[in-house]
Amino acid sequence: KRDAFLDAFQKIDKEFRNIFAQLTTRDSGYCNHDNCPPGRILHGDAWLELDNPDEIFNAGVTLFAKFPNKVERDIIICSGGEKTVAALCLILAIQAVKPAPFYVFDEIDAHLDAVNSSKLAEILQSRTSKSQVIMISLKDTILSRVDTMYGVYHERSITKILKFRPTEKDIEYSKGISVK
Amino acid sequence: KRDAFLDAFQKIDKEFRNIFAQLTTRDSGYCNHDNCPPGRILHGDAWLELDNPDEIFNAGVTLFAKFPNKVERDIIICSGGEKTVAALCLILAIQAVKPAPFYVFDEIDAHLDAVNSSKLAEILQSRTSKSQVIMISLKDTILSRVDTMYGVYHERSITKILKFRPTEKDIEYSKGISVK
Amino acid sequence: VYIKKVETRGFKSFGSRPVSVNFEGRFIGITGPNGSGKSNIIDAILFAIGENRPRMMRVPKLSGLIFDGAGGNPSTSARVTITLDNTSREISIDNDRVTLTREIRSGGDSVYLLNGKKVQKSTLSDLLRLALISSDGLNFVPQGMVTHLADLDSDEKRGLIEEIV
Amino acid sequence: VYIKKVETRGFKSFGSRPVSVNFEGRFIGITGPNGSGKSNIIDAILFAIGENRPRMMRVPKLSGLIFDGAGGNPSTSARVTITLDNTSREISIDNDRVTLTREIRSGGDSVYLLNGKKVQKSTLSDLLRLALISSDGLNFVPQGMVTHLADLDSDEKRGLIEEIV
Ligand SMILES: Nc1ncnc2c1ncn2[C@@H]1O[C@H](COP(=O)(O)OP(=O)(O)OP(=O)(O)O)[C@@H](O)[C@H]1O
Ligand SMILES: Nc1ncnc2c1ncn2[C@@H]1O[C@H](COP(=O)(O)OP(=O)(O)OP(=O)(O)O)[C@@H](O)[C@H]1O
Ligand SMILES: [Mg+2]
Ligand SMILES: [Mg+2]
């Protein structure tokens, strides 16, 4: 039981570090302190730690995160959006360890700002080389990267679905504006 | 105890009905079924019911909601955004029953579409005739109605705050784009 | 394997008449106003692959998946068919297309069909599990799940990893 | 009564140098990237009006409100002053301006000042309660509260109303 847990923990942690660095990658212009990496791309780092490696099942797991331009902190005192970023990376890491042919996400971008949303869209898009990704969202940032877009609306007491190419005008069409 | 509860319940329910109707008001063009109110403005209705008026403290309270163009349903089977609308109205109703000089809201619009967000902005704006409203949001819909806007950013490891007039360009400036 | 088509009849807000949507491509976006029926599409997929927990499809009990009539005539049963592209043969059936159909009546019994033929739920579950299609992994991330995971304490985080093992 | 100014020194991410923001108008909007420090402004207001539960300000214990130095020198204390407009005399002090100051050291003791003079916490609480300023009503709606309330079951909804009484 301990070995199986450690094996899963290490695999998830490895994926988690990798995905968090990807999602928090910024171009070097984003750096706003003195020790900016020269020319290199700036990215955050995060990792999982066992609170007590000798008593794994009597202790917890702590997630540490160092966001771009920031020091490392326990995720517990980070902001709502930062916690969302960490939780998303954890989900994506667990999915990478236990892959599936298709993934379905329902408004996972609700608390993300524009920069984080567009990085997330990049990562999800890269996933589509191996699997299908179905994404429900109310925001243009992610929707503008999809292959095909479906506008859902409610008329005469039932749900109707319309397919359209994601161009700027169309996205406006289905984003909460009443569909006649 | 029973009387005090019933008194609060009735006051909250009365406010709740009123606010829900306001937040779900749509112009009559929004109506998409046969029994459209002629010329009248379309709005939803919602109310609170005691599950067992004889045993108040051994039973629950159910929230029923009839959204525009829809039939009445228990809020439990409604959508995430519809539940958010109902929860917001409940909060605003409780605030109306126990008013305060200022209110502070932190990203309460996260799961709302454009139509619901802009109706919410209208209601919050009307509240400012009696009280001060401080609203944190990542979306333009609500922010475009405020008196004064504050852009918060992180630089050299600390938080900085900038005041600016809410115009289109400015809002873009602070919405997640790295502040140099 | 990926989802090519979802067809419903009498399922939640899709109404009693047949509704069908073709999913084209690998990166699919779904948008629309609050309450329009977006999450119900996910519920339809979960239902078709055999999910039995009503809470996962946001209803008090399975019969709550049947179209309630919206003031008119309620449906007597709910039926969902999903068509999967199986050119990769991840599902061990020698067919480019695999259709999964599930129908439930108000009494609560479910009938499962695989490419149009009745099967036992256990046969279907085995086939899907081998193809890594399941509703209890994190491949379905419902509304609110991310904020819920974001607020886990350290014991709950350990528990999350234990579940994966 | 409304909030005219918030000043911090050594409080959370605002750093050890004094930071001050003037709130103009009755409808105030705050925006900015994730992690920039928006919610910390609310925590500063909660702290100044006497909130003692660390969880309400999203820290494990009150000393977590002190600027941690972000890799450099941490502050030894956190101090917040909020200036309230009291022309309506809702706070029973005969003054157009009322300033509330709270300071906490890493040991955890708090010092409260009202218009610059030390007061007992209980005196302050009474004054604020009469002016309907409190941190345990629903006048502060933190991030995530709405989705939490949206998922309450019927017993929890009754509980919510009981708390109001
Ligand atoms: N004691 C402290 N000293 C320094 N920084 C701190 C302290 N406590 C928390 N922080 C930092 O404050 C930052 C800002 O947090 P805050 O929750 O205010 O962000 P926010 O603007 O509300 O973001 P979001 O949009 O994600 O909700 C976090 O990154 C966190 O690491
Ligand atoms: N058995 C049923 N019959 C008919 N309608 C139903 C049934 N169960 C749920 N509904 C309705 O389905 C509607 C759509 O729900 P759904 O959760 O899919 O919306 P959504 O598009 O995801 O919205 P949101 O953006 O708010 O999350 C709800 O308004 C709900 O009342
Ligand atoms: Mg939904
Ligand atoms: Mg915040």
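Predicted, not measured: the structure shown is a model, and the values here were computed from it.
- Looking at D:Phe23, the atoms closer than 4.5 Å to chain B (heavy atoms on both sides) sit in the backbone and in the side chain alike.
- With a 4.5 Å cut-off on non-hydrogen atoms, D:Ser13 touches chain B through its backbone and its side chain both.
- Donor-acceptor pairing under 3.5 Å is lacking for the side chains of D:Arg97 and D:Thr83.
- Ranking D:Asn22, D:Thr8, D:Leu84, D:Val19 against chain B, the residue ahead of the rest is D:Asn22, based on heavy-atom pairs under 4.5 Å.
- Of the N and O atoms on the side chains of B:Ser117 and B:Asp109, not one donor lies less than 3.5 Å from an acceptor on the other residue.
- Heavy atoms of B:Ile94 lying under 4.5 Å from chain D belong exclusively to its side chain.
- Heavy-atom distances place the side chain of B:Ile161, and not its backbone, under 4.5 Å from chain D.
- For chain D, the nearby parts of B:Ala4 are the backbone and the side chain; heavy atoms of each come within less than 4.5 Å.
- The choice from B:Ile76, B:Val97, B:Ile56, B:Leu90 that makes the most heavy-atom pairs within less than 4.5 Å of chain D is B:Ile56.
- Interface residue B:Ala121: only backbone heavy atoms are found under 4.5 Å from chain D.
- Using a 3.5 Å distance cut-off with no hydrogens or angles, the side chains of D:Glu90 and D:Ser88 do pair a donor with an acceptor.
- The only member of D:Thr31, D:Asn40, D:Ile30 that meets side-chain contact (heavy atoms from CB on, under 4.5 Å) when paired with B:Val152 is D:Ile30.
- Taking the side chain as every heavy atom from C-beta outward, D:Met56 and D:Phe140 never approach each other to under 4.5 Å.
- Contacts of B:Leu92 with chain D are absent, with no heavy-atom separation under 4.5 Å from either backbone or side chain.
- In this structure, the portions of B:Gln125 lying under 4.5 Å from any heavy atom of chain D include both its backbone and its side chain.
- Nearest heavy-atom pair across B:Cys78 and B:Lys83 is O-CE, 3.7 Å.
- Only one option out of D:Glu103, D:Arg105, D:Arg9 pairs with D:Ser77 in a side-chain hydrogen bond (donor to acceptor under 3.5 Å, both in side chains); it is D:Glu103.
- Counting heavy-atom pairs closer than 4.5 Å to chain B, the top residue among D:Ile3, D:Thr147, D:Val1 is D:Ile3.
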Run the numbers on D:Tyr2 and B:Tyr103 for ring-ring contact (aromatic ring centres under 6.0 Å, His included), then give the verdict.
-> CA-CA 9 Å; D:Tyr2 47 98; B:Tyr103 298 101; over 10 Å; no
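- Between D:Leu62 and D:Met57, the closest heavy-atom pair is CD2-CE, 3.9 Å.
- For chain D, no part of B:Lys160 is nearby; none of its heavy atoms comes within less than 4.5 Å.
- Within the 4.5 angstrom heavy-atom criterion, no atom of B:Leu50 approaches chain D.
- Proximity to chain D (any heavy atom under 4.5 Å) is shown, for B:Ala110, by neither the backbone nor the side chain.
- The candidate with the highest count of non-hydrogen atom pairs below 4.5 Å against chain D, out of B:Val104, B:Leu124, B:Thr84, is B:Val104.
- In this structure, the portion of B:Lys130 lying under 4.5 Å from any heavy atom of chain D is its backbone and not its side chain.
- Neither the backbone nor the side chain of B:Asp7 has a heavy atom closer than 4.5 Å to any heavy atom of chain D.
- Between chain D and the options B:Thr62, B:Ile142, B:Ile108, the largest number of non-hydrogen pairs under 4.5 Å is found for B:Ile108.
- Contact of D:Asp151 with chain B is made through the side chain alone, with heavy-atom distances under 4.5 Å.
- With 3.5 Å as the limit, one finds no donor-acceptor pair spanning the side chains of D:Gln143 and D:Arg58.
- How far CG of D:Leu65 is from OG of D:Ser106: 12.0 Å, rounded to the nearest 0.5 Å.
- Of the residues considered (D:Glu162, D:Arg158, D:Glu156), D:Arg158 shows the highest number of contacts with chain B, using heavy-atom pairs under 4.5 Å.
- A salt bridge (charged side-chain N to carboxylate O under 4.0 Å, His left out) with B:Glu82 is found for one member of B:Lys66, B:Arg73, B:Lys70 and no other, namely B:Lys70.
- Proximity to chain D involves both the backbone and the side chain of B:Ile134, based on heavy atoms less than 4.5 angstrom apart.
- When all heavy atoms of D:Glu51 and D:Ser135 are compared, the closest pair comes out as OE1-OG, 2.5 Å.
- Here B:Ala59 is the residue among B:Ala8, B:Gly80, B:Ala59 with the most heavy-atom pairs under 4.5 Å with chain D.
- Proximity to chain B is limited to the side chain of D:Val21, based on heavy atoms less than 4.5 angstrom apart.
- Considering CD1 of D:Ile133 and CD1 of D:Ile82, their distance stands at 7.0 Å, rounded to 0.5 Å.
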